[in-house]
Amino acid sequence: QQTRLMSDSVEEFSSVFQHAKKVVVLTGAGISAESGIPTFRGEGGLWRDFDATELATPGAFAANPSLVWEFYHYRRTIVAGASPNAGHYAVAALQRRCRRLGKDFILLTQNIDGLHAKAGSTDVVELHGSLWETRCCHCKAVEANRNMPICPALDGKGAPDTVHEANIPSMQLPRCNKCNGLLRPRVIWFGECLERDVLRRTDDALQGCDLLLVVGTSAVVYPAAGYAPLVKSQGGVVAEFNTEDTPISYNCRFKFQGPSSVKLPTALG
Ligand code: BJW
Ligand code: ZN
């Protein structure tokens with residue numbers, strides 16, 4: 001019933017934007033799909049025989065750090081060769097436009113690929129961390145790391161179309177240069193809390209947000225899945241950009257259905 005109330009009118013959306021004072025954009029894997037980066041759910045969500053979300057857990061890393069590092073090495077390889085698409089650029093342009101118009105603007109992303117920054121967005125809140133940083137399991141030190149491969153033993157590993165596991169001994173996996181502890185990607189896995197600073201910046205962003213754009217996320221993973229209902233309950237407007245419907249679609253006043261590389265530039269034009 002409610003979906004009929006959703007609008008895809010660019011004129012109506014422009015008028016809501018004109019009056020908005022605090023604009024927040026929340027993105028998910030779908031915005032990077034057209035840059036060639038596989039999403040988690042649906043088509044492309046499998047790596048070997050694993051559902052990508054099975055590997056994104058502390059338990060998977062504890063049980064088989066070599067396998068999980070192969071998975072992240074594969075993703076680092078893909079992302080290293082990827083470029084932002086028109087959707088990322090439209091979001092970056094929106095930030096500049098908001099700045100010119102004196103509106104608050106905050107970009108929250110669930111993606112760890114860094115493509116928003118590459119497209120020119122600044123102060124991006126990376127809810128789930130970054131592919132390009134590591135954290136030491138022992139001393140907890142966080143370091144930027146863009147080495148490809150991140151350690152010699154991962155060279156040529158991580159192919160998605162094999163069942164052969166590399167079984168790299170722990171001492172040959174990425175190690176901390178301070179304490180030699182095992183490194184892990186600095187990302188947020190299921191069951192882990194988002195970082196305190198990230199939660200604070202997110203709370204600040206959502207407080208008084210009167211226009212939320214939700215782009216390319218299946219909206220099933222919390223806490224991000226709760227942001228659209230929250231903004232709506234505060235009286236704000238939610239606009240969804242997705243090729244499909246999602247559980248938050250019914251919270252949305254606007255639905256721009258289709259690839260975000262086309263729909264974002266059109267709506268934000
Ligand atoms: C296009 C497109 C195109 C395609 N154009 N669109 C409350 C209720 C129930 C459970 C929980 C709850 N609170 C917490 C939980 C537990 C859990 C959770 O949410 N579970 C649910 C699955 C039920 N959450 C957590 O554990 C979080 N931690 C937390 O809340 O701590 C406190 C706590 C802990 C435990 C219990 C209670 C509280 C942490 C979540 C961490 C998620 N981590 C991952 C991996 C990150 C690292 C990595 O990338 O490897 O994050 S999992 C994975 O899912 C990744 C993504 O960021 C995230 C969301 O996926 P996303 O971006 O939505 O991608 P897809 O693939 O799902 O969707 C793509 C969409 O794009 C689709 O809709 C397509 O249609 C669309 N699309 N092409 C536009 N061209
Ligand atoms: Zn260390």
Side-chain angles (χ1 to χ4, degrees), residues 26-47 50-61 68-69 71-76 78-79 85-88 90-91 108-114 126-143 174-196 198-199 202 213-229 240-249 255-265 267:
L26 167 68
T27 64
I31 196 170
S32 295
E34 293 163 87
S35 294
I37 300 172
T39 59
F40 286 88
R41 295 163 189 85
E43 212 183 312
L46 282 184
W47 178 78
F50 300 95
D51 180 329
T53 57
E54 276 176 63
L55 297 166
T57 70
F61 187 70
V68 173
W69 262 120
F71 172 58
Y72 281 92
H73 169 65
Y74 163 68
R75 290 175 58 203
R76 284 166 70 103
I78 292 204
V79 171
N85 64 57
H88 297 102
V91 172
L108 310 174
T109 186
Q110 297 171 88
N111 301 343
I112 63 172
D113 55 34
E126 293 180 309
L127 301 171
H128 295 162
S130 169
L131 253 184
W132 304 112
E133 286 173 351
T134 57
R135 194 171 66 235
C136 174
C137 297
H138 184 67
C139 75
K140 313 294 173 208
V142 168
E143 301 262 337
R175 307 298 301 194
C176 178
N177 50 31
K178 294 194 170 72
C179 77
N180 205 34
L182 178 64
L183 295 180
R184 56 166 278 181
R186 185 200 175 200
V187 299
I188 307 294
W189 286 325
F190 281 112
E192 296 183 323
C193 276
L194 276 62
E195 289 177 8
R196 198 184 315 179
V198 162
L199 288 173
T202 303
L213 278 59
V214 183
V215 186
T217 173
S218 57
V220 295
V221 175
Y222 287 85
Y227 299 163
E240 183 173 55
F241 295 77
N242 200 307
T243 45
E244 311 284 336
D245 279 334
T246 75
I248 58 134
S249 298
K255 174 67 186 256
F256 296 102
Q257 184 142 13
S260 47
S261 69
V262 175
K263 294 293 174 176
L264 277 172

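Start at 1 and go down the list; that is how both ligands and their atoms are numbered.
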Please say which of Lys178, Arg184, Arg135 ends up in a salt bridge (charged side-chain N to carboxylate O under 4.0 Å, His left out) with Glu143.
-> Lys178
Any N or O of Phe71 closer than 3.5 Å to N or O of ligand 1 = no
For the pair Glu126 and Arg186, find out whether any cationic side-chain nitrogen is under 4.0 Å from an anionic carboxylate oxygen.
-> no
N or O pair under 3.5 Å between Gly216 and ligand 1 | yes
Look up atom 33 (C) of ligand 1 and tell me if a protein heavy atom lies less than 4.0 Å from it?
-> no
Contact (N/O only, under 3.5 Å) between Asn111 and ligand 1 | no
Less than 3.5 Å between some nitrogen or oxygen of His128 and one of ligand 1, yes or no?
-> yes
Short N/O distance, under 3.5 Å, between Phe190 and ligand 1?
-> no
Gly28 N/O under 3.5 Å from ligand 1 N/O | no
To the nearest 0.5 Å, what is the distance between CD1 (Ile31) and CG (Leu213)?
-> 10.0 Å
Any non-hydrogen protein atom below 4.0 Å of atom 14 (C) of ligand 1?
-> yes
For Pro223, the ligand 1 atoms whose distance to one of its heavy atoms is below 4.0 Å = 30 (O)
Using 30° and 60° as the class limits, which term best fits the ring planes of Phe61 and Trp69: parallel, tilted or perpendicular?
-> perpendicular
Would you say Gly191 and ligand 1 have an N/O pair spaced under 3.5 Å apart?
-> yes
Looking at ligand 1, does any of its N/O atoms fall within less than 3.5 Å of an N/O of Arg41?
-> yes
Output field for angle at the Zn ion (ligand 2), Cys179.SG vs Cys139.SG, rounded to 10°, should show 120°
Could you tell me whether atom 38 (C) of ligand 1 has at least one protein heavy atom nearer than 4.0 Å?
-> no
Rounded to the nearest 0.5 Å, the CD1 atom of Ile37 sits from the CZ atom of Arg75 at a distance of 9.0 Å
Heteroatom proximity flag, Glu192 to ligand 1, N/O under 3.5 Å | yes
May I ask whether Arg75 places a heavy atom under 4.0 Å from ligand 1?
-> yes
